[in-house]
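Shown next, in structure tokens, is the structure this report addresses.
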Amino acid sequence: MKVRTPVLSVALLLILLSCKAGVSGPAKVGRQAPSFSLDDIEGRSVSLSDYRNKVVLLEFWATWCPSCRKSVPEMEAISIVFIDKDFVLIGINMDEGGDAKERVRAFVQRYNISYTIVTDNGAVSRSYGVSSIPAIFLLDRNHRIRKKYEGFMPGMGSELTRQVESLL
């Protein structure tokens, strides 16, 4: 059986084009965190790359999620404990709909959230493989994913605080 070179060349080209350079697959512990750039609730752009050489805690959440509401005081406490350190906590909100920003803004005010809140466009939660919320990712200074937590349990803030301290 004779295989024609043009057919192989086209097949190889199609395979190569279907692969995206630099994409390492789904976000997993030990892998580089997917980069992103999202707007905060005031419309300012926030990028993961803005926090080079900082330990980053990402929490994917929504205003309608009971466990997410329970996590707020512990997330806020973590952000305050490390306020003068090379650390940042970013809440990535997943609310949808035309009034999402207003709902999120009201939620932030009601719960006195001082850490950075950005609104997801859907692509970021997909790139992190978020299937349930809250979903929490701890990134080291090189933005490698060190820990992933799905869901929230009261007292979890203590574990997260220990983990952040170990990376600072």
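N121 contributes atom CG, which lies 11.0 Å from atom CD of E96 (distance to the nearest 0.5 angstrom). Of the inter-residue distances, the one linking L89 atom CG with S114 atom OG reads 9.0 Å to the nearest 0.5 angstrom. Once rounded to the nearest 0.5 Å, the distance linking CG of D86 with CZ of R52 reads 14.5 Å. Note that CD1 of I113 and CD of E76 are 7.0 Å apart. Values are rounded to the nearest 0.5 Å. The CE atom of M153 sits 13.0 Å away from the OG atom of S71 when rounded to the nearest 0.5 Å. The distance from the OG atom of S166 to the NZ atom of K147 is 8.0 Å, given to the nearest 0.5 Å.
Taking the side chain as every heavy atom from C-beta outward, V124 and L38 approach each other to under 4.5 Å. No side-chain heavy atom of S49 sits less than 4.5 Å from a side-chain heavy atom of S35. Residues I136 and M75 are in side-chain contact: their nearest non-hydrogen atoms beyond the backbone lie under 4.5 Å apart.
Annotation for E150 and S131: closest pair OE2-OG, 4.5 Å, computed over non-hydrogen atoms. Considering all non-hydrogen atoms of both residues, G30 and R144 come closest at O-NH1, 3.3 Å. Here the closest non-hydrogen pair linking E74 and G155 is OE2-N, 2.8 Å. For the residue pair S132 and A135, the shortest heavy atom distance occurs at O-CB, 3.5 Å. Contact detail for K101 and G43: the closest heavy-atom pair is NZ-CA, 4.5 Å. The nearest pair of heavy atoms linking V130 to I133 is CG1-CG2, 3.9 Å.
Without hydrogens or angle criteria, D40 side chain to V118 main chain gives no donor-acceptor distance under 3.5 Å. Side-chain atoms of R141 do not come within 3.5 Å of backbone N or O of L168 as any donor-acceptor pair.
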- Item | Derivation of the side-chain contact (heavy atoms from CB on, under 4.5 Å) call for K148 and Y128 | CA-CA 10 Å; K148 177 183 178 182; Y128 277 81; over 6 Å; no
- Please assess I117 against R105 for the test side-chain contact (heavy atoms from CB on, under 4.5 Å), listing each intermediate value before the final yes or no. CA-CA 9 Å; I117 300 293; R105 213 178 268 120; over 6 Å; no
- Could you walk me through whether D50 and S47 pass the side-chain contact (heavy atoms from CB on, under 4.5 Å) check? CA-CA 5 Å; D50 295 340; S47 297; 3.8 Å; yes
- So H143 and Q32, side-chain contact (heavy atoms from CB on, under 4.5 Å) or not? Walk me through it. CA-CA 6 Å; H143 295 169; Q32 193 69 29; 3.6 Å; yes
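You'll find the ring centres of F137 and F60 inside the 6.0 Å limit. Outside the 6.0 Å centre-distance limit, the rings of F107 and W64 are not counted as a close aromatic pair.
Side-chain contact annotation: N93 with D95, donor-acceptor N/O pair under 3.5 Å present.
By the 4.0 Å N-to-carboxylate-O rule, R44 lies too far from D39 to be salt-bridged with it. Under the 4.0 Å criterion applied to side-chain N and carboxylate O atoms, D99 and R103 are assigned as salt-bridge partners.
Both V108 and V72 sit in one connected hydrophobic cluster of ILVMFWY residues. Membership requires side-chain heavy atoms under 4.5 Å apart, directly or through other members. With hydrophobic clusters built from ILVMFWY side chains whose heavy atoms lie under 4.5 angstrom apart, Y115 shares a cluster with F152. Criterion: ILVMFWY side-chain heavy atoms under 4.5 Å apart, direct or through other members. Under it, V46 and V55 are not part of a common hydrophobic cluster. When hydrophobic clusters are built by joining Ile, Leu, Val, Met, Phe, Trp and Tyr residues whose side-chain heavy atoms come closer than 4.5 Å, directly or via intermediates, V88 is grouped together with F36. Residues M156 and I145 fall into different hydrophobic clusters, defined by Ile, Leu, Val, Met, Phe, Trp and Tyr side chains chained together at heavy-atom separations under 4.5 Å.
Residue E165 places its CD atom among more than 12 non-hydrogen atoms of other residues, nucleotides or ligands, all under 6.0 Å distant. Atom CZ of R110 has 12 or fewer neighbouring heavy atoms from other residues, nucleotides or ligands inside a 6.0 Å radius. Enclosure of atom CD in E42 by more than 12 non-hydrogen atoms of other residues, nucleotides or ligands within 6.0 angstrom is indicated.
Each of L167, I90, L57, L48 was scored for a side chain to side chain contact (heavy atoms under 4.5 Å, CB included) with L139, with one residue passing: L48.
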